[in-house]
Structures are given as structure tokens and as C-alpha cells.
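Here's the structure, in C-alpha cells; my notes come after.
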Amino acid sequence: QVQLVESGGGLVQPGGSLRLSCAVSGRIFSITAMGWYRQAPGKQRELVASITSGGSTNYADSVKGRFTISRDNAKNTGYLHMNSLKPEDTAVFYCNAVDSGYSDYGEPISRDYWGQGTQVTVSS
């Protein structure tokens with residue numbers, strides 16, 4: 001069974017920083033992409049940032065220049081470094097991992113996994 005375990009959320013003052021971690025464990029083929037999503041109360045879940053196994057990154061406009069996504073492929077762990085946090089960043093943050101490979105019959109397989117979510121609250 002594949003598990004994504006997130007850590008690093010919490011309460012921080014505006015302008016502060018946090019680092020989220022997402023460790024993937026279990027039987028996997030290859031984590032081809034990892035991403036961080038967030039969901040604020042009353043809003044839909046949105047993509048914050050994503051990174052491929054090759055290191056290509058993508059960010060939501062609202063976090064560009066403030067957040068940095070990274071990953072350690074050897075550890076199957078992803079990170080989200082968040083700086084200059086704002087009250088509007090308050091949300092539950094979810095880690096996502098895309099696991100891709102081939103079956104014993106040579107058929108391509110792609111599976112999507114999610115973490116349990118970690119609360120980030122930005123408030124004075």
C-alpha cells in the first residue's frame with residue numbers, strides 16, 4: 001500500500017516561513033510528478049506547485065516568487081518551501097504523487113496518490 005505522509009504545517013505570522021514535507025512509501029513504480037494543492041474553507045482545491053522527476057516546476061501565479069517546490073528522488077520525498085506567507089495562504093495543503101510504470105504485460109500504468117492534508121494558518 002502506498003502512503004504519502006505530510007508534515008510541516010502549523011501556525012505562522014504573516015511574512016513568516018514554513019516548509020512542508022511529503023514522504024512517499026510503499027510499492028511504487030516511479031514517482032514521475034509531485035504536486036502540492038491547497039483548499040481554503042469554502043473554496044475548491046487548487047494547484048499550488050508541481051515538479052516532475054526531471055525537475056521541471058510549475059507554480060500558481062499567487063505563489064510565484066514566494067514558494068519553492070523541490071524533491072529528493074532518492075528518498076521519494078517532496079518539499080514546499082513557503083516564504084512571505086500571507087493570511088490568504090491559509091488552507092489545508094495536500095501532497096499529490098503520480099506513480100507511473102508498466103504492468104507485467106507491458107501496459108502503461110499511472111496511479112494518483114494523495115496525502116492526508118496538513119493545515120497551514122497564517123495569522124497574527
Side-chain angles (χ1 to χ4, degrees):
Q1 186 175 357
V2 177
Q3 285 189 316
L4 274 62
V5 178
E6 302 163 2
S7 60
L11 173 65
V12 64
Q13 292 187 342
S17 299
L18 283 175
R19 187 186 80 159
L20 305 182
S21 299
C22 174
V24 183
S25 63
R27 187 176 178 183
I28 58 175
F29 292 103
S30 176
I31 301 299
T32 51
M34 295 189 76
W36 289 93
Y37 291 71
R38 67 185 178 187
Q39 187 167 19
K43 295 187 177 181
Q44 289 188 332
R45 188 175 298 190
E46 62 174 356
L47 175 67
V48 175
S50 63
I51 184 168
T52 67
S53 56
S56 296
T57 59
N58 181 52
Y59 295 93
D61 288 342
S62 59
V63 306
K64 283 180 180 177
R66 300 188 297 123
F67 292 8
T68 302
I69 189 170
S70 62
R71 59 185 289 179
D72 184 330
N73 290 333
K75 296 181 179 179
N76 283 323
T77 300
Y79 305 95
L80 185 67
H81 302 258
M82 304 185 293
N83 297 319
S84 303
L85 282 161
K86 305 175 181 180
E88 51 264 43
D89 292 317
T90 296
V92 178
F93 282 69
Y94 296 91
C95 175
N96 170 262
V98 179
D99 180 28
S100 302
Y102 294 88
S103 72
D104 293 341
Y105 302 98
E107 297 172 336
I109 296 175
S110 183
R111 296 191 178 104
D112 226 7
Y113 297 104
W114 291 89
Q116 79 283 1
T118 184
Q119 177 70 45
V120 171
T121 302
V122 185
S123 176
S124 55

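Keep in mind that the numbers below use all heavy atoms, side chains included, and drop hydrogens, waters and symmetry copies. Along the sequence shown, residues are numbered consecutively beginning with 1.
- Residues passing the side chain to side chain donor-acceptor pair (under 3.5 Å) test with N73, sequence neighbours excluded: R71.
- Taking every heavy atom of both residues into account, S110 and V98 meet most closely at OG-CG1, 3.6 Å.
- In this view, N83 and S17 satisfy the side chain to side chain donor-acceptor pair (under 3.5 Å) rule, not counting sequence neighbours.
- Judged as a side chain to side chain donor-acceptor pair (under 3.5 Å), and not counting sequence neighbours, the contacts of K64 are D61.
- Rounding to the nearest 0.5 Å gives a distance of 14.5 Å between OH of Y79 and OG1 of T68.
- For the salt bridge (Lys or Arg N to Asp or Glu O under 4.0 Å) condition, no pair includes a residue of residues 5-30, sequence neighbours left out.
- The disulfide (SG to SG under 2.5 Å) analysis of residues 39-124, with sequence neighbours excluded, yields the pairs C22-C95.
- Taking S56 as the reference, T52 meet the side-chain contact (heavy atoms from CB on, under 4.5 Å) condition, with sequence neighbours excluded.
- A40 pairs by the side-chain contact (heavy atoms from CB on, under 4.5 Å) definition with K43, A91, not counting sequence neighbours.
- Annotation: side-chain hydrogen bond (donor to acceptor under 3.5 Å, both in side chains) contacts involving residues 88-100, sequence neighbours excluded, comprise T32-S100, R38-D89, R66-D89, N96-D112.
- Atom CZ of F29 has more than 12 neighbouring heavy atoms from other residues, nucleotides or ligands inside a 6.0 Å radius.
- V5 forms part of no hydrophobic cluster, judged by ILVMFWY side-chain heavy-atom separations under 4.5 Å.
- Under the 4.5 Å side-chain heavy-atom criterion for grouping Ile, Leu, Val, Met, Phe, Trp and Tyr, L11 is not connected to V92 through any hydrophobic cluster.
- Here side-chain hydrogen bond (donor to acceptor under 3.5 Å, both in side chains) pairs that include residues 115-124, with residues two or more places apart or in two chains, are Q119-T121.
- Grouped with M34 in one hydrophobic cluster are V2, L4, V12, L18, L20, V24, I28, I31, W36, V48, I51, Y59, V63, F67, I69, L80, M82, L85, F93, Y113, V120, V122, the linkage being side-chain heavy-atom contacts under 4.5 Å among Ile, Leu, Val, Met, Phe, Trp and Tyr residues.
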